[in-house]
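Quantities reported herein were computed from a predicted structural model and do not represent experimental measurements. Just so you know, residue 1 is the first one in the sequence shown, and it goes up from there.
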Amino acid sequence: EGYCVYADHTYQLAFALFRYAIRLIDSGDYGAADRLSTESLTLFRRQQNRDYIVYPLGNLGRLALLRGDLAQARLLLQEAVATARTIGNVMGLLDWLPRLGVVLLYRGNVVEAQRLLHESLHLSQTTTSAMYLAWSYTYLAETALWQGDLDQVAYWLAQALTNHANPRWIRTELVDCLWVAARLATAQQHYRRAVTLFGLAEQVGSRIGYVPAGPVRPLNDAAQVTVREALRKATFAEAFAAGQQMTLGEAF
């Protein structure tokens, strides 16, 4: 009986640690999130709890992605996805398939990224959660943008924005969606709209201490250079300020 109480306490602690770490990631406190996720992973491994081990694993993979360590992110997220598949943990797949997909995209494996993101979308459509749909659509839009298929980007982005509306709290995936929207507007030569969207993305990202992952940053920077060169200085400043002051409700 004493062991059961200990085991239950350990499980509850490990569960609480990875849940809290998710909120820390979405508030920009990556150091604390890393420590708590590592502790959670250690406890779940000790208990051989394969059902929940996918969450601290995935958190650590997501943190590696946010640091720009794509090799480490791929290893951790692949383990999370493989474990979730083995035990039939659909929620684990919903959480980590889109993140693994985008890591593979950033590593240049577009075909495999698309395959995982379409699988993620199909799974998301079996749930009632707009959040999971929004993630899949966001990274399908990102993938299409990497391929230069602007019509497809616009289609996926419209779906993503519909499902991102009214979020319970701001997550990194929502900010990624705004960066994609800004880069799409740049590619479409809608420069004033692009600048407003860059201002909005920067404003929303700063609320959660989020700067886009390493591989995306130069793409964002290049798009901003394009719009700076295309617009008068005063027009750029005015449009950027409009985005900085815009609420998410107005943006949607």
Next on the checklist: Main chain of T38, side chain of T42: is a donor-acceptor contact present, judged purely on distance under 3.5 Å?
Outcome noted: yes
Checklist entry - Please walk me through it: do T10 and Q47 pass side chain to side chain contact (heavy atoms under 4.5 Å, CB included)? => result CA-CA 8 Å; T10 304; Q47 284 203 316; 3.8 Å; yes
Checklist entry - Would F18 end up clustered with I87 when hydrophobic side chains under 4.5 Å apart are linked, directly or stepwise? => result no
Next on the checklist: Check whether N89 reaches the backbone of D51 with its side chain - one donor and one acceptor, N or O, closer than 3.5 Å.
Outcome noted: yes
Checklist entry - Y132 vs W135 aromatic rings, parallel, tilted or perpendicular, using cut-offs 30° and 60°? => result perpendicular
Checklist entry - Among L133, L93, L97, N163, which residue meets the side chain to side chain contact (heavy atoms under 4.5 Å, CB included) test with S124? => result L133
Checklist entry - Between atom OG1 of T126 and atom CG of L121, what is the distance when rounded to the nearest 0.5 Å? => result 10.5 Å
Item to check | Geometric cation-pi criterion R207 and W169, 6.0 Å radius, 45° cone | outcome: no
Checklist entry - Of the non-hydrogen atoms in P215 and Y106, which two are nearest, and what is the gap between them? => result CG-CB, 3.7 Å
Checklist entry - Would a hydrophobic clustering, with Ile, Leu, Val, Met, Phe, Trp and Tyr connected at side-chain separations under 4.5 Å, put Y155 with W179? => result yes
Next on the checklist: Counting only heavy atoms from other residues, nucleotides and ligands, does the tally under 6.0 Å from CD of Q125 exceed 12?
Outcome noted: yes
Checklist outcome for this item: Interatomic distance, CZ@R45 vs CZ@R50, rounded to 0.5 Å, equals 10.5 Å
Checklist entry - If you take all heavy atoms of A80 and V54, which pair is closest and at what distance? => result O-CG1, 3.4 Å
Item to check | Point-to-point distance, once rounded to the nearest 0.5 Å, from CZ of R99 to OG of S120 | outcome: 9.5 Å
Checklist entry - Where do L248 and I170 land on the side chain to side chain contact (heavy atoms under 4.5 Å, CB included) test, with the steps shown first? => result CA-CA 10 Å; L248 276 175; I170 295 167; 4.2 Å; yes
Checklist entry - Taking NZ, NE, NH1 and NH2 as the nitrogens, is one of them in E112 or R74 under 4.0 Å from a carboxylate oxygen of the other? => result no
Checklist entry - Out of curiosity, does L117 fall in the hydrophobic cluster containing M131 (side-chain heavy atoms, cut-off under 4.5 Å, transitive links)? => result yes
Checklist entry - If you take all heavy atoms of L197 and A181, which pair is closest and at what distance? => result CD1-O, 3.6 Å
Side-chain atoms of residues 64-71: list all donor-acceptor pairs with protein atoms under 3.5 Å, sequence neighbours left out, distances to 0.1 Å.
residue	atom	partner	partner atom	Å
R67	NH1	D34	OD2	3.3
D69	OD1	Q72	N	3.2

Item to check | Euclidean distance, Q245 CD relative to F240 CZ, rounded to 0.5 Å | outcome: 11.0 Å
Next on the checklist: What verdict does the side chain to side chain contact (heavy atoms under 4.5 Å, CB included) test give for L184 and H190, after you've listed the backbone C-alpha separation in whole Å, the side-chain angles of each residue and the deciding distance to 0.1 Å?
Outcome noted: CA-CA 9 Å; L184 173 63; H190 297 154; over 6 Å; no
Checklist entry - Between N59 and A33, is there a donor-acceptor pair closer than 3.5 Å when you use the side chain of the first and the backbone of the second? => result no
Checklist outcome for this item: Between M246 and L200, the two heavy atoms sitting closest are O-CD1, 3.8 Å
Item to check | Among Q152, Q114, E142, side chain to side chain donor-acceptor pair (under 3.5 Å) partner for Q147 | outcome: Q114
Checklist outcome for this item: Between P56 and L41, the two heavy atoms sitting closest are CB-N, 3.7 Å
Next on the checklist: Taking side chain to side chain contact (heavy atoms under 4.5 Å, CB included) as the criterion, tell me which of F198, F236, Y191 meets it with R228.
Outcome noted: F236
Item to check | Same apolar cluster: V110 and V103, side chain cutoff 4.5 Å | outcome: yes
Item to check | Heavy atoms of other groups near R107 CZ, more than 12 under 6.0 Å | outcome: yes
Item to check | Donor on one side chain, acceptor on other, T172 and R62, under 3.5 Å | outcome: yes
Checklist entry - What distance separates L140 CG from L157 CG, expressed to the nearest 0.5 Å? => result 11.5 Å
Checklist entry - Do the side chains of M91 and Y52 join up, straight or via other hydrophobic residues, at under 4.5 Å, putting them in one cluster? => result yes
Next on the checklist: Show the nearest heavy-atom pair for residues G209 and Y30, with the distance to one decimal.
Outcome noted: O-OH, 3.8 Å
Checklist entry - Would a distance-only check, ignoring hydrogens and angles, find a side-chain to backbone donor-acceptor pair under 3.5 Å from T196 to G243? => result no
Checklist entry - Going through the checks in order, is the side chain to side chain contact (heavy atoms under 4.5 Å, CB included) test met by Y139 and V180? => result CA-CA 9 Å; Y139 294 126; V180 171; over 6 Å; no
